Amino acid sequence: MAFPKDRMRRLRSSDAMRRLVRKTYLSVNDFVYPLFVRKGNGVKESIKSMTGCYRFSPDTIADEAKEIAMLGIPAVLLFGMADEKDDIGSEAWAEDGAVQQAIREIKTNVPDLLVVTDVCLCAYTDSGHCGVVKNGRIDNDSSCELLAKAALSHAQAGADMVAPSDMMDGRVKFIRETLEKNGFCDTAIMAYSAKYASAFYGPFRDVADSAPSFGDRKSYQMDPANSDEAMAEIALDIEEGADIVMVKPALCFLDILQRAKQRFDCPVAAYNVSGEYMMLNAAAEKGLLEKETAMMEMLCSIKRAGADIIITYFAKEAAKLLR
Ligand code: PBG
């Protein structure tokens with residue numbers, strides 16, 4: 001008979017007591033902040049589908065990067081928008097592409113901020129798919145070659161880490177070999193390993209104008225119903241040369257995150273995606289919940305489930321609260 005000897009409320013009795021027994025602490029060092037870049041000059045345009053997010057041109061991004069570094073956030077994740085799309089997504093590896101220019105600007109002006117780049121074709125192909133379309137299907141191996149070209153162009157521009165998000169088989173191997181062959185042995189790879197075909201990317205596709213023009217992404221992104229398959233994807237990416245693996249989205253996949261953390265020794269990242277971000281913002285804008293508390297609860301749950309790294313549009317707001 002435990003009660004009244006055991007009373008769980010004893011250790012919840014005051015703020016000091018709660019702090020003493022708290023197990024999970026968020027840190028600004030956990031965060032990666034995503035940034036959107038497009039070509040042009042003097043651009044900082046707000047994004048309708050994503051509260052508080054902007055599209056920057058390469059010449060305005062350094063100021064933003066400085067602010068992020070001042071907040072103590074260790075890394076940014078760059079997403080590019082194409083000026084001109086074509087069937088193979090050539091702008092993805094253009095030396096003067098928006099991302100390549102932005103990398104050089106940030107590394108020149110804020111050298112200590114880590115620059116991670118999203119590697120994908122979907123913002124650059126006229127099909128809006130993450131790979132090249134051949135005979136109505138997404139062709140795996142030729143897409144991997146182009147993704148490796150894009151990753152190399154980011155490394156050449158000075159990126160510290162590349163993050164393939166396309167979900168083609170073998171792309172980590174292609175990218176690792178290409179980087180090694182060209183002398184970029186220190187460029188890290190953070191693989192979007194368990195990336196699910198999720199409805200929670202909605203707001204993002206609007207930002208990057210990257211929605212598929214036909215079909216969907218279910219032939220390459222994972223089925224949300226599956227868990228063992230995520231372990232297989234992650235194991236393959238580690239074998240192919242990934243330094244960090246990722247589960248995406250975060251909130252509907254906390255079980256996957258927990259399994260990944262328990263099973264693998266490399267750092268595990270979680271992507272708190274655009275739909276998760278806007279779901280909370282929309283509810284807060286309606287006065288339905290208290291934003292800051294809900295935000296910290298959300299981020300804490302991702303860390304508690306096992307994330308070593310949290311990629312989140314909340315990074316700046318959360319960093320301010322953690323100071
Ligand atoms: C590109 C990519 C997407 C996201 C990150 N990289 C969109 C997609 O797969 O459709 C989503 C990010 C977010 O929703 O915050 N492949």
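Counting starts at 1 for both ligands and their atoms, in listed order. Please read all numbers here as calculations on a predicted model, not as lab measurements.
The closest non-hydrogen atom to atom 15 (O) of ligand 1, taken over Phe79, Phe200, Tyr313, Tyr201, comes from Tyr313.
A pairwise comparison of heavy atoms in Val115 and Lys107 identifies CG2-CD, 3.7 Å as the closest pair. The two residues Ile189 and Pro164 have their closest heavy-atom pair at CG2-CD, 3.9 Å. Of all heavy-atom pairs between Ala155 and Phe184, the closest is O-CE2, 3.5 Å. Ala98 and Pro58 get closest at one heavy-atom pair: O-CG, 3.9 Å.
Considering only non-hydrogen protein atoms, atom 4 (C) of ligand 1 sits nearest to Lys248 NZ, 2.6 Å. Among all protein heavy atoms, the one lying closest to atom 16 (N) of ligand 1 is Lys195 NZ, 3.0 Å. Ranking the protein heavy atoms by distance from atom 10 (O) of ligand 1 puts Arg205 NE, 2.6 Å first. Given atom 14 (O) of ligand 1, the protein heavy atom at minimum distance is Ser274 OG, 2.7 Å.
Geometrically, Lys248 engages Tyr201 in a cation-pi contact, judged by NZ or CZ lying under 6.0 Å from the ring centre and within 45° of the ring axis.
Residue contacts with ligand 1, taken as heavy atom pairs separated by less than 4.0 Å, involve Cys120 solely via side-chain atoms from C-beta onward. The backbone and the side chain of Ser165 each have at least one atom closer than 4.0 Å to an atom of ligand 1 (non-hydrogen atoms only). Using a 4.0 Å cut-off between heavy atoms, Tyr277 makes no contact with ligand 1 at all. Within the 4.0 Å heavy-atom criterion, neither part of Asp166 lies near ligand 1.
Of the N and O atoms on the side chains of Asp86 and Ser90, at least one donor lies less than 3.5 Å from an acceptor on the other residue.
Ligand 1 does not have Met167 within reach: every non-hydrogen atom of the residue lies 4.0 Å or more from it.
Distances below 4.0 Å separate heavy atoms of Tyr271 from the following atoms of ligand 1: 12 (C), 15 (O).
Residue contacts with ligand 1: Ser210 is placed with no nitrogen or oxygen under 3.5 Å of a nitrogen or oxygen of the ligand (distance criterion only).
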Before giving the answer on ring-ring contact (aromatic ring centres under 6.0 Å, His included), spell out for Tyr313 and Tyr33 the whole-Å C-alpha distance, their side-chain angles and the decisive distance to 0.1 Å.
CA-CA 6 Å; Tyr313 305 96; Tyr33 186 61; 7.3 Å; no
